[in-house]
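Presented below is the structure to which this report refers.
Here is how names work: the chains are called A, B, and so on, in the same order as the sequence lines, proteins then strands, and each is numbered from 1.
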2 protein chains.
Amino acid sequence: MKHMELDEKVIKYTYGQPIETDAVVLGNIKVGENLSYLALEGKSFKYKLKKDIPVYGLGESVRGINKRGWIYESFCSDDDMHTETKRSLYAAHNFIIIAEEKPFGLFIDYPGRLTFDIGYSQLDELVIIPETMDLDLYILEGDTLLDIVKTFRQLTGVSYIPPRWAFGYQQSRWSYKTNEEVRAVAKGFRDNGIPLDSIYLDIDYMERLKDFTIDREKFPDFEELVAELKRDGIRLIPIIDAGVKVEEGYNIYEEGVEGDFFVRDEKGNIFEGAVWPGKVHFPDFLNSKARAWFGQHYACLMDKGIDGFWNDMNEPAIFYTPRAMAQAMQKVEESKDKNIDLGTFFGIKDSFSQIMNKEEYFKEMHHDMDGKCVRHYDVHNLYGYNMTRAAGEAFEKLRPSERVLLFSRASYVGMHRYGGIWTGDNRSWWSHLLLNIKMMPSLNMYGFLYSGADVGGFSDNTTEDLLTRWIQFGIFMPLLRNHTAAWTRQQEPYAFEHTERLKKWIKLRYALIPHLYSEYMKAALEDGMYFKPLAFEYEDEYVREVEDQLLVGESLMIAPVYEQNKTGRYVYLPEDMLLVTFEDEKTYTLTKMTKGHHYVACDMDQLILFVRPGRMLLLGAAADSTKDLDMTSLTGIAYCKEVCHHTYYEDNGMDRQVHLEGHVTEVEIKKENNHFNIKLKNAPCSVLEKLALTLFDNETETITGIQYDI
Amino acid sequence: MKHMELDEKVIKYTYGQPIETDAVVLGNIKVGENLSYLALEGKSFKYKLKKDIPVYGLGESVRGINKRGWIYESFCSDDDMHTETKRSLYAAHNFIIIAEEKPFGLFIDYPGRLTFDIGYSQLDELVIIPETMDLDLYILEGDTLLDIVKTFRQLTGVSYIPPRWAFGYQQSRWSYKTNEEVRAVAKGFRDNGIPLDSIYLDIDYMERLKDFTIDREKFPDFEELVAELKRDGIRLIPIIDAGVKVEEGYNIYEEGVEGDFFVRDEKGNIFEGAVWPGKVHFPDFLNSKARAWFGQHYACLMDKGIDGFWNDMNEPAIFYTPRAMAQAMQKVEESKDKNIDLGTFFGIKDSFSQIMNKEEYFKEMHHDMDGKCVRHYDVHNLYGYNMTRAAGEAFEKLRPSERVLLFSRASYVGMHRYGGIWTGDNRSWWSHLLLNIKMMPSLNMYGFLYSGADVGGFSDNTTEDLLTRWIQFGIFMPLLRNHTAAWTRQQEPYAFEHTERLKKWIKLRYALIPHLYSEYMKAALEDGMYFKPLAFEYEDEYVREVEDQLLVGESLMIAPVYEQNKTGRYVYLPEDMLLVTFEDEKTYTLTKMTKGHHYVACDMDQLILFVRPGRMLLLGAAADSTKDLDMTSLTGIAYCKEVCHHTYYEDNGMDRQVHLEGHVTEVEIKKENNHFNIKLKNAPCSVLEKLALTLFDNETETITGIQYDI
C-alpha cells in the first residue's frame, strides 16, 4: 500500500555498480531513465540554485539549517573541532531538499566520500561529486517539505524508539572512574533534589579499556551498584568502543581472531590500529556473522542489569598505525644531528600532529561483505552504522519485548532504525549551543529523532551561564545529556553557584516529559519530525531565514537564548501565539502575542516557549526520576482562538511494540457563543485520568481551573 | 592644565617594584593610600559584580563587548585559533571599565602575565591575578564611560595618525611573490575599475626571509615597481618580522652581534630560536640603543620609496628552539623499537605538536633594559610594543614632517602612540566577522583607532557572500585590508562571480573617506573613540545588550549583516534615526525610523547605515585611489529634527603636525518656522568649496538640492 503511493513520489537512478548499504528498506522503487532536475556533467551532478532558495539537509554537519554557502563532505570523521570551516563531522547524511516553490529531494545512496558543493565554488550552483560513479540516486517529489521528508522516511524505515526513561536527565563525564565516584554523583543529585535518570560510564569502567569487561578493582560490586541505583530510578549507561584490544587471553580478541571477525589489511593480515586500549583490531561490522558475534556480547552487560549503551569511536577513529608511527619516527631519525630547516621541521611536526585518522589507514583496511572483499575506504560511511546495527539486531533477540537505549557517534542513513546519535565531541562554546539548535531539525529529517548534543559542551571549560542556557534548550531535546571531557572543570548542575536555578529547569523537563514523549512518539510513528524549522510549516517572507527558533512537535515553538550576557532576544512569530514565560516548573505567565517581530525578555531565571494557535501544551508534575512521574494527571494550557485540538499519546514507556491506535487521548475544544465546548476521547489503553485546563482565547479572556476527570 | 584636571580623576597605587613600561606618559599622578573599589585578597584583587552590570575593555580579546563570563590572560600569544575559549590573543590590554551607575576604570600597568577572571569562576565576581605583585594600579573615575576613556587616553598619550591614503582599500595575501604577481594584482583592480591604494608584501619579498632585504631574483626592479605603482595611486607595504636570521655576512645579523643588540639566554649567550627564516636572534627592543639601531634600518626600504610597514611575529612568535627540538627528538629516540603505549604516543605527539611558543622559551630569554637584566617572561607583553616603538621613533627622525603607515600584531597599552594594530591571523568564519565587529570599540578604548581585522578572513577559505558582508562592514574600519593565507583560495574582489557588487561597496568606502577620515581625526585629536558601543552614548534597558551595532564617529550608527543566507536583520534604535539604504555608492533611499526594535531589509546588494538626529553624513565621489579623491565638493545628508550640527575636519592627509584649529568647517542647521536656517563656518585651511545638502526633518519633509558654494 505504502509502496503504491511512493511510486508517484520517488524515482531511482542507478549509476555503475553500487554497493548495497541497506539504507533503503523498500524494494521495487520506480526506476528513472532520463535524469530529471539535475544535470550529470562529467563526474558530478549539477543544479542551478535560484536566488535565496534554501537547501535543507545534510543532518549532522556544520553551519545553518539552510546549507547554502559551503562545501560539505560525507566522510565520517573523528574531528573534535566543529568550526564552521569543517567539511565533515561524524556522520554521512546524503539527503537534501531544494526548497523551491515546487520542492524536491535528493538522496544519494553512496557509502564512500561524497562532496556537496552548495554555493561554495559558485554562489548559485549546487554540485554533487561522488568519488566513484557507483551509486543510487533517488529524486523525491512532494507538495511540501514535510511530504518529502515523510517519503524519505518511508523509504528508509521507521525510527528507533528508546525507553521512556531515556527522556530523563542524564549525567556524564569522561569518566566517573569508580563505584564511589558514581555513587557520589547519584548522591549529589538526590541530596540537591535534582532529577536524574542516568549516569554514564565512559571508557575507564573497562578493564584496560577492553570492550565488554569491567574493571573489578574500581567496580568490585558492579552488579550491586547497578541494582541499587536502578531502585532509585537511575540507570548506568556504559560506553562500547569499536576497537577490540589486542591482548592474549582476552575472550573477545581471541574469538574474533578465531572466527575471522576482524577487518584485514590489503595483504590479508588482520589490520592493526591504535586507539584508547593501545593496539586494537576492528570488528568487521559489514559482515553479518561478525555483526551477530559482536552484538551478542552486549548480553554480558545486560545480564548485569544494564539497559542502555552508547557506541563510540566508530567512524572508526584510529590514533595511529604501527606503520605510520614507524614512518614518523624514521623521519626524526633521518634528521638527527642535521641542521633542520623549516620545511623539515614542519614535516616532522606534521607527521606526528596529523597522524590521527589518516586516509591511508582506511585504504589499508578491507572488509568481507558476506563474501565480497571491499576496501574500507570505499564503504567508510557504513562502519559506525553497522556497529550500531549489530547492537540493535542483538537487542531484538536479547530483549525481544523491551526497548534498550542505544545511540552512536558515527552514522549513515538507515541507522536511525537501530538507535539515535549524539553529535560527538562538541565544545563548551556559545556558538556550539547555537549549532546544536540548528542541527536538531536537520537530524530529524533523517529520522534521528532520539538525538542530542553534549549539553554544557564536551571539550573546554563551560561557564555557569552557558550551562544554564544550554539546559534551557536541552530540556526540549529527546536526548538530554550533560557530558564533558577529562580535562575540564566539573559540569554537574550542583557544581555551580546557582544550583537551584539549574535544578528548576531540569524539573521543568520532567514536568514536560508527558508532552514531549507524546510528541516524540507521534513523530516516530508517523514518519514526522519532532524538531522542525519554521519554514517547514509556515510560508512568508521571513520564516526561511529564522534559524534560531524551532517548532517542537505539533504545538510548541521555542526560541532559546544562546548568547552570553543577554536577558532577552528577538523572536519572530509567523502567526499569533501564546507566550508562556516560566519562572520555574510550576509558575508561569501567559501572554498573547501577535504575528510579527518581537523582542522578548528572558533572563536566566526565565524560560520562554510559545503555544501555537489551536494547540495545547501539557504539563505534568516534576519527579526525581521518570519512574516516579505521574502520567495520570496533567494540566493543559490551550491557545484556543476558535478551536483547539491535541492528540496525547501514552504507553508504558517500555514495550517494543508501539502504535498510535489505542494509546491516544483526543482533546477537542471549540469556542461557540462565548462558551468553550470541550470533548475528550480516551483510548482504551490510556492512563490519563485528570486534565486541568487553562484556556486562552483570542479576546484575551482566560478561563482556568476546568478540571476533567476522565 | 590637563594634569590638574586628571588629578581629580585618577589615583595610582603601586605594589612591589614595578618595571617601567612607558605606557603612561603623564607624571605626578595622585598616589592613593587605601585601595578603593577593589579588595586585595592574598595575591589577587577582587570586586563583587552586581547583576547584569557590564565590564568593558581588554581590547584585543575574544567574546563580546561586555567581557563578563570568561577568564582572560594578558600574555601576547601567536595563536591562530581565535575561538571563544581562548584566554589570550596577540595583545595585552589591561584596562577595563565596570559600568555601574557610577562607573570606574581600572588599569593595571604590568608587563607580565595577568589574569582577569570576570565571572568565570564565580558568576558575580571579578578577580584580577598578576603573577607577581609588582605593578601600578590606576583607578579612573568619571561621570560617563566616555569620560573614563578620555582620562585613560590622556594618561597614555595621543593616538597614532596614519596618512590619509591608508584609508584607501588595501589588498594583501601571503604572498604576492614576484613583481609580476604584484603588477597583476594592480592590473586586476584597475582593469575592473576597483579602487585600490595599497598592495602588501608578505614575507616572501625578502631574500631568504631576512629583514630589510629584497629578493632581487623575484623583484629585480623593486624601486621602479614602487615608483610605477605610486604614480597610479598604489603603495607597496612590506612586512618586517621580529626575528633576525642567523647568517654570516648578513649585515643586520652581524651588526646586531657586534653591537650587542640581541636578546641573550640565562647563561649570557645570544638566544637562538627558529621562525620563518630558520634560526634567528631577537633584537632587544627593550634596550633603547637596540631600538634605535633596528629602527634606522627601515630607512633602507623608505629610501626605495616605501611609505608604510607592518610589524609581525613580535609577541614574539618562536616555532621552536634547538634545545626543545633536541628534547623532542630524544623522546622519539628513546621509544624506538619499543612497544609504544598510548601515554608514550601522546607524549611524542605533543612534544612536536606543542613545540611552538612554549613558555620555557620566554623564560630563557633575557633583556638588557638599559643596564638592568630582566627575564623576558616577566616583561613579555612589552616586546611587540617596543618593536613598533623602535620603528615609530625612527620614522620621526627619518620623515620628520610626513606620516608613515605603521601597524603591528603584538601590542601593549601605549603602543597606540606609534602605530595601529591588525587583529592577527583570524579565519574566514562568519563568527570572526562578528568578532571583528565586537572587537573594534574595545580597541578604540585604548586609542588603537587605526586598526582592523583581515577582511574576508586570513586562514581557511572564504566564500563570496562572507567576503561581501565583511567588506560591507570593513568599509567603516580605518584599516580596510583584505588579507589571506598561503593555502587559501584567491580572495581579491575580482576573483569572484559578482565582482561588480564587491566593487560598488569598495567605491562606497571611497565616497565615505572624507566623512570617515574627519571622524577619525576628531577622535584621535580629542582622545575619543571612532567606534563606540551604543551603551557608551545611550542609556536605556536595551542598549547595553546590543553588541552587533556600532556608533561610527559622532553621526552614524551601523548594523552590519554578519550571518550567512540572510537578507535582513534586527536593529535596535535607541532614538529616532534616519535610515540610509545604499544600492550603490551613488544611489540611496532615506527612511525615517522611530526609536525601538526593527527588522530591516539588507541583502548583499544593499548596505544600511543610520544617521543620528541632529547629525549629518557627508558623501564624496568615489575614485580609483585616495590621491584622486575630490575633497572640495561633498554632499551632506542631514537628519535635522530641530537642529543639526556637524564638524568637518580636513587636512592634506600627510602632515605630522595636526590640530583641529584651522582645519574644520562647522555646519549648523536650525529649523525655524518651517524654514531651515543654515550657517557654515569655514576655517582658513579648509578646502571645502561646495556642499550639496539633503535635509530630513521630523515631519517627513525632505528638502534636497540646496547647494552651498563656500
Against chain B, label [X] side chain, backbone, both or neither, depending on which of its atoms sit under 4.5 Å from a heavy atom there.
X: A:Thr567; answer: both
X: A:Asn461; answer: both
X: A:Gln564; answer: side chain
X: A:Ser431; answer: both
X: A:Tyr572; answer: both
X: A:Lys86; answer: neither
X: A:Ile355; answer: side chain
X: A:Arg544; answer: neither
X: A:Glu333; answer: side chain
X: A:Phe345; answer: both

Taking the basic N atoms (NZ, or NE/NH1/NH2) and the acidic carboxylate oxygens, is any pair closer than 4.0 Å for A:Asp605 and A:Arg501?
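A salt bridge links A:Asp605 with A:Arg501.
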
So does A:Asp80 pair up with A:Arg427, basic N to acidic O under 4.0 Å?
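Between A:Arg427 and A:Asp80 there is a salt bridge, with a charged N closer than 4.0 Å to a carboxylate O.
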
Among B:Ile348, B:Asp465, B:Leu342, B:Thr83, single out the residue with the greatest number of heavy-atom pairs under 4.5 Å to chain A.
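Of the options given, most contacts go to B:Leu342.
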
A:Phe496: which of A:Thr468, A:Thr463, A:Thr462 passes side chain to side chain contact (heavy atoms under 4.5 Å, CB included):
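With A:Phe496 as partner, A:Thr468, A:Thr463, A:Thr462 yield a single side chain to side chain contact (heavy atoms under 4.5 Å, CB included), made by A:Thr462.
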
Non-hydrogen atoms of chain A under 4.5 Å away: do they reach the side chain of B:Lys51, the backbone, both or neither?
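Just its side chain gets close to chain A.
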
